[in-house]
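Right, one structure below, let's go through it.
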Amino acid sequence: MTEAYILIVDDDTALLQALPQALYLRMPGMRVDTCDSALAALELLKAHDYDAIVSDIKMPGMDGLALLSRVQEMRPDTPTLLITGHGDHNLAIQALRGGAYDFIQKPIDRDYFIAALRRATQTRHLRRRVQEQQHSLELHAKSLERTVQERTHELVEANAAKDEFISMASHELKTPLSSLKGMTQLLHRRLERASSPEVNSLVSMENSIRRIEVLVNDLLNISSLETGMFALQCQRCDIVELTQSLVNEYVVGTNPHPVIRVKLPAGPIEVDVDVERIGQVILNLLSNARKYSPSGTPIQVALDVHDAEVHVSVQDGGVGIPADLVPQIFERFYRVPGTEVLTGSSVGFGLGLYISKQIVEHHNGHIHVESTPDQGSLFLVSLPLPVASDVSNEHANFETSSQTP
Ligand code: ADP
């Protein structure tokens with residue numbers, strides 16, 4: 001056991017000499033201070049942090065119980081043992097209620113006294129260790145907190161710098177890209193008018209420009225979403241007509257023309273949407289349906305009304321998505337590992353579905369997918385109908401084929 005430091009308080013000078021001697025014999029290495037009154041003990045307590053205090057309970061002037069209550073205030077972790085007269089049970093109970101660690105009856109049984117003191121000093125030692133550990137844990141927690149704060153600050157700054165870079169780079173790329181596109185279109189028209197065979201060599205250049213445009217637009221979208229600058233410009237429009245014209249646009253602009261079967265209601269369905277943005281979502285779904293299906297596989301587009309929502313679905317018969325990866329396809333930069341682009345260009349950052357989901361959710365809608373590997377996928381976009389609209393269920397379904405532009 002480590003060296004202990006004890007204070008013994010007793011007005012009986014004989015006992016004040018005998019007890020330390022008994023202690024030195026049984027507990028070598030022990031340091032003992034003695035004093036013959038509670039007041040003297042309080043002075044010593046101010047200067048020393050004892051491992052235990054042993055005090056007679058009956059003393060002239062301030063007695064042991066009063067001393068105990070002062071010890072509780074000054075040194076609450078220091079165990080105090082009180083010496084009581086033989087059979088003085090009431091005092092012993094009072095001592096324990098007052099917070100004494102133990103009581104020792106007179107005449108003092110040396111073995112009991114030593115054992116009680118040993119327990120008391122061990123308790124003090126353990127309390128001290130717990131306090132030290134608590135203190136070092138607190139320091140550790142504080143330093144961890146500081147590190148987390150510093151790292152968070154660094155990450156926030158790095159993230160802001162990244163957002164700024166993406167925003168700047170995509171804006172800087174957009175302007176020269178637009179003029180390059182314009183010049184190529186002009187050249188295309190001129191060569192066409194001149195019936196020049198050179199026109200064919202422009203096609204791959206135009207395709208490359210289109211691909212870069214997709215990437216730059218994805219970056220611009222991400223940038224506005226991340227920086228909270230994403231805003232919708234909603235207007236009332238007929239989503240049936242919008243879907244049909246988007247399908248037509250997609251079929252005409254894609255080579256070779258994809259086979260798209262369209263099932264739309266006969267009459268209009270009015271919704272409040274940002275036409276550009278919802279167009280972007282539907283075109284992205286069409287483009288994915290084509291990319292992840294063998295060439296020539298038909299794509300189905302359907303539109304109908306359910307409760308207070310309009311559902312636009314794009315279904316393909318392509319490679320599908322493993323069930324456990326479905327939730328991840330809407331994450332930023334996520335692409336299903338091992339899924340190859342089967343038709344058309346493989347350009348993409350894995351941002352299209354993330355952006356689509358954000359757009360749909362900004363319209364208070366949701367996007368849902370059902371997919372079976374090797375059989376195909378169905379992406380369903382649900383958008384709320386305007387509250388006061390009188391959308392009737394009378395729209396007769398009809399089927400059109402947009403195989404040929
Ligand atoms: P990108 O197509 O540019 O990689 P997206 O965000 O549009 O990015 O899609 C994320 C991933 O989800 C794709 O890489 C692909 O693995 C998977 N995916 C999307 N649409 C389909 C689909 N119709 N069929 C199979 N997999 C798809």
Side-chain angles (χ1 to χ4, degrees), residues 166 169-170 173 177 207-226 230 243 246-247 250-251 253-254 257-263 276-303 311-363 365-382 402:
I166 292 181
S170 47
L173 285 169
L177 190 65
N207 284 340
S208 302
I209 291 173
R210 208 170 297 133
R211 286 202 290 271
I212 299 171
E213 211 180 7
V214 169
L215 296 177
V216 171
N217 282 336
D218 274 0
L219 290 179
L220 279 168
N221 284 320
I222 277 289
S223 160
S224 64
L225 280 166
E226 305 285 278
F230 188 83
T243 309
L246 285 166
V247 169
Y250 184 69
V251 172
T254 311
H257 303 309
V259 179
I260 303 187
R261 302 209 172 104
V262 187
K263 203 173 174 196
E276 283 287 313
R277 294 299 188 184
I278 290 299
Q280 183 182 344
V281 172
I282 295 175
L283 287 175
N284 182 47
L285 295 181
L286 288 172
S287 154
N288 278 353
R290 175 170 170 267
K291 277 197 311 193
Y292 300 109
S293 302
S295 179
T297 314
I299 299 166
Q300 334 277 336
V301 174
L303 200 153
H311 291 179
V312 185
S313 65
V314 176
Q315 184 171 13
D316 64 59
V319 294
I321 303 155
D324 56 328
L325 302 181
V326 164
Q328 296 182 53
I329 61 172
F330 294 102
E331 287 171 12
R332 283 184 315 164
F333 303 110
Y334 185 80
R335 312 189 79 180
V336 175
T339 292
E340 302 290 330
V341 170
L342 299 182
T343 310
S345 136
S346 67
V347 68
F349 286 136
L351 285 173
L353 285 178
Y354 170 77
I355 295 168
S356 296
K357 186 167 186 267
Q358 296 291 322
I359 292 175
V360 172
E361 286 176 356
H362 273 76
H363 281 86
H366 41 101
I367 186 163
H368 167 81
V369 56
E370 282 165 25
S371 189
T372 311
D374 299 326
Q375 287 187 30
S377 312
L378 180 139
F379 284 80
L380 185 90
V381 173
S382 312
S402 300

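Since this is a predicted model, take the numbers as computed values, not measurements. When a ligand or atom number is given, it counts from 1 through the structure's own listing order.
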Contact with ligand 1 for Gly350, non-hydrogen, under 4.0 angstrom: yes

Phe330 heavy atom under 4.0 Å from ligand 1: no

Quick one: side chains of residues 312-319, donor-acceptor pairs under 3.5 Å with protein atoms, not counting sequence neighbours, listed by atom name and distance.
unit_1, atom_1, unit_2, atom_2, d
Asp316, OD1, Gly318, N, 2.9
Asp316, OD1, Ser377, N, 3.1

Going through the distances and angles, do Leu215 and Leu219 end up as a side-chain contact (heavy atoms from CB on, under 4.5 Å)? CA-CA 6 Å; Leu215 296 177; Leu219 290 179; 5.7 Å; no

Heavy-atom closest contact ([X] atom, [Y] atom, distance):
| X | Y | result |
| --- | --- | --- |
| Tyr292 | Arg335 | OH-NH2, 3.7 Å |
| Ser356 | Asn284 | OG-ND2, 3.0 Å |
| Leu286 | Ile299 | O-CD1, 4.1 Å |
| His257 | Val251 | ND1-O, 2.7 Å |

Contact check: Gly352 vs ligand 1, nitrogen or oxygen atoms, below 3.5 angstrom: yes

Is there any N or O on Val319 that sits under 3.5 Å from an N or O of ligand 1?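 No: no nitrogen or oxygen of Val319 is under 3.5 Å from one in ligand 1.
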
Out of Leu325, Asp316, Thr339, who is nearest to atom 23 (N) of ligand 1 when you count heavy atoms only?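 Result: the heavy atom closest to atom 23 (N) of ligand 1 is in Asp316.
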
Tell me, do His368 and Val360 make a side-chain contact under 4.5 Å, heavy atoms counted? no

Where ligand 1 meets [X] - atom numbers and elements under 4.0 angstrom, heavy-atom basis:
| X | value |
| --- | --- |
| Lys291 | 1 (P), 2 (O), 3 (O) |
| Gly320 | 25 (C) |
| Ser377 | 24 (N) |
| Leu351 | 6 (O), 8 (O) |
| Ile329 | 10 (C), 12 (O) |
| Tyr334 | 10 (C), 11 (C) |
| Val336 | 14 (O), 16 (O), 17 (C) |

Going by the 4.0 angstrom heavy-atom rule, the piece of Ile321 near ligand 1 is side chain

Which residue, Ile367, Ile329, Val381, forms the side-chain contact (heavy atoms from CB on, under 4.5 Å) with Lys357?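 Answer to the side-chain contact (heavy atoms from CB on, under 4.5 Å) test with Lys357 among Ile367, Ile329, Val381: Ile367.
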
For Leu353 and Tyr334: C-alpha separation, side-chain torsions, deciding distance, then whether side-chain contact (heavy atoms from CB on, under 4.5 Å) applies. CA-CA 9 Å; Leu353 285 178; Tyr334 185 80; over 6 Å; no

